[in-house]
Each structure stands twice: as structure tokens, then as C-alpha cells.
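Accompanying notes for the structure given below.
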Amino acid sequence: MRSLTSDGQQRLSEIARRHGVSEDAARSMLTALSNGGGTMAQFSHPEFGGSGQWMRGGMTMVSDLFNNALKATVDNLCNDLSNFLLNPPMGAWQDAEPAANSSWQQQRQGDGSSFGTGFGGNNWWPAELGMPNSSGAQNDLRYAYFQDTCRLAVEIAGALTVYDTADHRISGVSQQQGNGWTLTFTSQYGTVPVSSLRVVDSGLRPAGPAPSPQPSLASVPAAPEFVPEPEPAPAPAPPPTAAPPSPESFAGTVWSFGESGSDAASTLTLATDGGIAGGDARVRYWSAEDGTLTFYDTDGRSSVAFALPASGATAPVLPGHDPARPDRNFTLRPQAQQRDAEAPSGEAALPVTLTVGDWTLEDNGGNRLGVLRLLADGRVEGGRGSEAKWRIKDHGVDFLHGSGRPTSRFDTLQFRAGRWTLIGAPLNNESAVLFLKQS
């Protein structure tokens with residue numbers, strides 16, 4: 001084991017001052033990095049917002065998932081302390097007497113409710129997935145994220161499930177308490193329930209019990225002469241059970257949603273990433289599994305559950321109820337317009353239905369340039385001369401002048417707080433930024 005010399009203590013104080021943290025916080029982080037071999041840390045300190053994780057190469061997790069300034073401070077501090085550990089200046093460390101059982105051990109940080117399992121031995125995830133970019137645990141739940149293979153392993157009370165994370169780049173996982181539990185994660189698309197991911201059926205299951213040893217021939221007594229009995233007639237096979245619709249059949253569809261007995265209804269679009277466009281705070285995310293279509297609120301709690309019909313049913317009207325208040329009923333009606341109907345160019349549609357609702361056009365300073373409505377025939381209502389028409393091209397949205405000349409392009413999509421935002425720029429000034437926000 002090593003300990004800091006007086007020169008090392010002075011160097012640690014300089015690093016702490018440079019990053020605006022106390023020497024106690026820097027020393028706590030240095031200990032966590034030492035326990036993680038210098039390239040990863042699991043820490044818990046009030047100045048870092050409580051518990052968190054850091055891995056060299058870009059992974060930083062803090063309890064306050066959206067505090068980007070705190071993430072930057074932790075990342076910069078850990079990089080300096082990691083270099084201090086792995087490439088120490090001469091005279092900064094001195095050797096000490098080795099302690100009993102001094103082999104590297106993972107130190108668990110924080111209290112029992114925070115995420116914080118490590119990357120050492122006795123890995124609980126399937127060996128085929130390799131080593132995770134991040135992992136964590138809370139109560140009887142733990143997870144491991146594998147960015148290179150687009151996999152998220154989740155174990156709940158000993159039951160393991162592996163999900164396909166698709167194009168999500170996961171930066172945090174949290175467990176929402178309420179009616180039971182809801183596991184959510186944070187990616188470039190915002191906060192998304194894990195239940196919206198596709199379950200991977202790759203055979204990664206615990207091995208079954210070993211077969212019983214067969215007795216040797218010497219121990220088997222001679223059997224009497226065997227007289228075969230007539231085989232009974234085979235029982236008729238049960239009729240096949242129709243499976244409910246798959247989650248993919250709902251992605252990108254448009255529905256009319258409202259409380260039963262009320263004339264008020266809103267138009268919802270079930271986005272391919274598990275978000276809902278066009279709803280209120282009660283309906284922000286969705287998932288379809290085990291024969292149920294479930295809506296979730298902004299906190300990830302289930303708010304409305306709809307029983308799905310058997311596969312092959314045409315355009316059903318889905319009745320649903322609030323799991324917390326079974327006496328409160330809702331109705332979900334399909335609309336004829338589907339996900340590809342809004343693309344006047346005939347090309348592949350985006351994960352949001354552009355022809356439903358209004359869109360606000362803003363510049364980089366937050367100034368409103370207009371409130372637009374994109375019509376299915378390619379015209380734009382409420383636009384300026386430079387936004388007279390629109391089209392989908394190469395997975396982006398173009399605005400065109402009345403003469404047909406393209407004037408601006410939006411090719412970056414964001415989904416946050418239940419609303420879509422398209423980010424682009426004028427074609428004659430690509431350094432300027434424009435935002436097309438779902439109203």
C-alpha cells in the first residue's frame with residue numbers, strides 16, 4: 001500500500017483548488033480511484049451530490065442526472081487524479097507496510113439505496129456480453145450497460161433480462177418508486193422507461209440442473225421380459241392461441257385518447273423510442289408487452305393500461321383504466337392517418353407525425369419566428385415566404401420557398417419532456433441555428 005508524502009499532499013491540494021473543491025472531497029475521490037485501479041471510481045461525497053461513478057474515457061454518472069456542470073467538474077477532477085495515480089511525480093508517494101489480505105478489493109460507496117456495484121470479479125451478467133461500460137445496483141435490482149454491443153442487462157430479485165438498447169447512449173439508470181417500481185434510463189432522447197426496449201431472446205439463461213448420474217451396468221438387476229402395451233391414441237392438439245400485437249406494430253401510430261364519457265380528446269403519436277407526442281403530463285411514454293399497452297407519466301409511473309386484442313384484430317377501440325384508480329376509464333381510438341402519411345415526398349417518415357398539431361419556429365435566441373402547421377399535401381400554414389412548403393428528404397425535413405427552392409433543413413431530432421424538437425439551419429447561413437418545436 002502507498003501513502004502520500006508531504007509533496008504529494010501539496011500536489012493534491014493544488015488539484016483540489018484548481019477544480020474548486022475541498023481537499024477532503026479531492027482526497028475522497030483519490031481513494032475511490034485508488035480502489036478502482038486508477039481508471040474508474042465509485043464515490044460518495046456531499047460536494048459531488050452524493051453517490052456516483054466515473055470511468056476513464058467518458059462515462060460520468062452523478063445522482064443529479066441533469067447537472068452537467070457537476071458532471072464536468074467530476075470528470076475533470078477524476079482525470080487529473082487518475083494521472084496523479086498512474087503517472088505520479090517523483091516523491092509524491094511513499095510505500096507503507098502491506099496490510100493483511102492487501103489484494104485489490106472493491107470498496108462499496110454510499111448507502112444501500114444508491115447505485116454502485118463495481119467491475120471486479122463474480123460478475124452476475126452473462127459472460128457473452130463482456131465487460132460493461134457502467135453498472136449499478138439498488139435494493140434487489142442491478143444493471144449493467146454494454147455500449148459496444150447495444151445491450152442492457154437488468155436483474156430483479158434474481159431474474160435476469162437482457163434488452164437491446166438500439167441507438168440509445170445510456171448515461172444513467174434510476175428506479176422510480178410508486179405503484180410498485182418503474183426502471184428508467186437517461187439517453188440522448190431524455191428519460192425513457194426500460195420497458196420500451198426490446199427484450200433480447202438470445203438464450204442467455206441460467207444453466208439447468210446437472211443430469212443425475214446413471215447407474216453402472218453391474219448395479220442394474222436383470223429386468224423381466226418386456227411385453228409392450230398398446231400405445232394410447234394421441235390426444236388432439238389444442239387449438240393455437242393467437243398472440244397479441246407486437247410492440248413494433250404500435251410504433252409511429254396515431255390515436256385519439258380521452259376519458260370515457262368525456263367529449264375532450266387529444267391526438268397522440270406513439271414514437272418509436274417509447275415516447276408519446278401530443279399528450280399531457282399523464283401520458284409521456286408507452287410500452288406494449290404481455291398483452292397490455294401501458295402509458296406512463298413524466299415520473300415513469302404507469303398511468304393508463306389497455307388490454308390488447310388477439311393478433312389480427314382490425315382497428316380496435318381499446319378500453320383502458322388507471323391502475324391506481326380502476327374506476328377511472330379511458331378510450332384509445334386509432335386514426336386513419338399512420339406514420340408514413342405525412343411525408344409528401346413519398347420517402348421514409350420520421351418517428352414523429354409532423355402533420356398533427358402546431359409547430360413553433362424559433363431562432364437561436366429564443367425569438368419566435370412563427371407558428372406553423374404542416375399539411376399532408378406539402379403546404380405550410382402560418383409560415384413566412386421561406387416556409388411556404390415542406391418535405392421529408394434523407395431522414396430530415398426541408399422548408400422550401402413558394403418557388404420550390406429549398407431554404408432551410410432540419411436533420412437533428414430531440415425528444416424531451418414529451419415533446420419533439422427538430423434542429424436545423426438556413427441553407428444560406430449554416431452557422432445560424434433554427435428550432436422547430438412541437439407545440
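Everything numeric in this text was worked out from a predicted model, so none of it was measured.
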Here the gap from Leu70 atom CG to Asn68 atom CG, rounded to the nearest 0.5 Å, amounts to 9.5 Å
Between Asp24 and His45: side-chain donor-acceptor atoms closer than 3.5 Å
yes
Any idea which heavy atoms bring Thr292 and Ala305 closest together, and the distance?
CG2-CB, 4.0 Å
Does the side chain of His19 come within less than 4.5 Å of Asp80's, by heavy atoms?
yes
Between Ser22 and Ala25 (side chain of the first, backbone of the second, donor and acceptor by atom type, cut-off under 3.5 Å), is there such a pair?
yes
Taking atom CD as the centre, does Gln9 end up with more than 12 heavy-atom neighbours from other residues, nucleotides or ligands that are less than 6.0 angstrom away?
yes
Side-chain contact, heavy-atom cut-off 4.5 Å: Tyr145 with Pro132?
no
Checking Val397 against Leu354 for the side chain to side chain contact (heavy atoms under 4.5 Å, CB included) test, could you report, in this order, the C-alpha distance in whole Å, the side-chain angles of both residues, the deciding distance, and whether it holds?
CA-CA 10 Å; Val397 177; Leu354 300 173; 3.7 Å; yes
Within the 4.5 Å heavy-atom criterion, are Val254 and Val356 side-chain neighbours or not?
yes
Listing request: all ring pair (Phe, Tyr, Trp, His ring centres under 6.0 Å) pairs with a residue in residues 362-386, at least two apart in sequence or in separate chains.
none
Has the side chain of Ser51 got a donor or acceptor atom that lies under 3.5 Å from a matching backbone atom of Ser44?
no
Would you say the side-chain atoms of Trp286 pair up with the backbone N or O of Thr269, donor to acceptor, closer than 3.5 Å?
no
Do you know the tightest heavy-atom contact between Leu85 and Gly38?
CD1-CA, 4.2 Å
For the CG atom of Leu413 and the CG atom of Leu436, what is their distance to the nearest 0.5 Å?
9.5 Å
Can you tell whether the side chains of Asp398 and Lys393 come within less than 4.0 Å, N to carboxylate O?
no
Main chain of Asn87, side chain of Asn83: is a donor-acceptor contact present, judged purely on distance under 3.5 Å?
no
Side chain to side chain contact (heavy atoms under 4.5 Å, CB included) partners for Arg384, two or more places apart:
Leu361, Leu369, Ser386, Glu387
Ion pair check, Glu23 and Arg27, cut-off under 4.0 Å:
yes
In the structure I gave you, are the side-chain heavy atoms of Thr294 and Val304 within less than 4.5 Å of one another anywhere?
no
Surrounding CZ of Arg11 (heavy atoms of other residues, nucleotides or ligands, distance under 6.0 Å), is the total greater than 12?
no
Closest heavy-atom pair, Asn429 versus Ser431, reported as atoms and distance to 0.1 Å, is OD1-OG, 2.6 Å
Taking every heavy atom of Glu259 against every heavy atom of Phe330, the minimum-distance pair comes out as CA-CD2, 3.7 Å
Apply side chain to side chain contact (heavy atoms under 4.5 Å, CB included) to the pair Thr267 and Phe257, showing each step before the final yes or no.
CA-CA 6 Å; Thr267 300; Phe257 169 75; over 6 Å; no
Evaluate the side-chain proximity of Asn428 to Thr407: yes if any heavy-atom separation is below 4.5 Å, no if none is.
no
Return the minimal non-hydrogen interatomic distance between Glu430 and Leu427, and the atom names on each side.
CG-O, 4.2 Å
Check: Ser403 main-chain N/O paired with His401 side-chain donor or acceptor under 3.5 Å
yes
Does Trp124 reach the main-chain N or O of Ala144 with its side chain, forming a donor-acceptor pair under 3.5 Å?
no
Arg151 versus Val200: any side-chain heavy-atom pair under 4.5 Å?
yes
Are Arg373 and Asp358 close enough for a salt bridge, meaning some N to O gap below 4.0 Å?
yes
If I take atom CG from residue Leu77 and atom CD1 from residue Ile15, how far apart are they, to the nearest 0.5 angstrom?
7.5 Å
Side-chain contact, heavy-atom cut-off 4.5 Å: Leu434 with Phe410?
yes
Check the pair Arg284, Asp297 against salt bridge (Lys or Arg N to Asp or Glu O under 4.0 Å), reporting the backbone distance first and the verdict last.
CA-CA 5 Å; Arg284 281 289 183 264; Asp297 62 16; over 6 Å; no
When you measure from the side chain of Ser408 to the backbone of Ala425, do you find a donor-acceptor pair of N or O atoms at a distance under 3.5 Å?
no
Measuring from Arg419:CZ to Lys437:NZ, what's the distance to the nearest 0.5 Å?
12.5 Å
Check whether any side-chain N or O of Asn79 sits under 3.5 Å from a backbone N or O of Asp75 as a donor-acceptor pair, and report yes or no.
yes
No-hydrogen, no-angle side-chain donor-acceptor test under 3.5 Å, Ser260 and Thr331
yes
Check for a donor-acceptor pair, side chain of Ser196 on one end and backbone N or O of Ser287 on the other, with a separation under 3.5 Å.
no
Which value, rounded to the nearest 0.5 Å, describes the distance between Thr355 atom OG1 and Leu375 atom CG?
8.5 Å
Asp164 side chain near Leu197 side chain, heavy-atom distance below 4.5 Å:
no
Quick one, Leu332 with Leu293, criterion side chain to side chain contact (heavy atoms under 4.5 Å, CB included). Give me CA distance, side-chain angles, the key distance, then yes/no.
CA-CA 10 Å; Leu332 195 63; Leu293 174 65; 3.6 Å; yes
Check the pair Val162, Val154 against side chain to side chain contact (heavy atoms under 4.5 Å, CB included), reporting the backbone distance first and the verdict last.
CA-CA 6 Å; Val162 179; Val154 178; over 6 Å; no
Gap between atom SG of Cys78 and atom CZ of Phe43 - 0.5 Å precision
6.0 Å
Nearest non-hydrogen partners of Ser303 and Pro323, listed with the distance
O-CD, 3.4 Å
For the residue pair Phe306 and Phe295, is the inter-centroid distance of their aromatic rings smaller than 6.0 Å?
yes
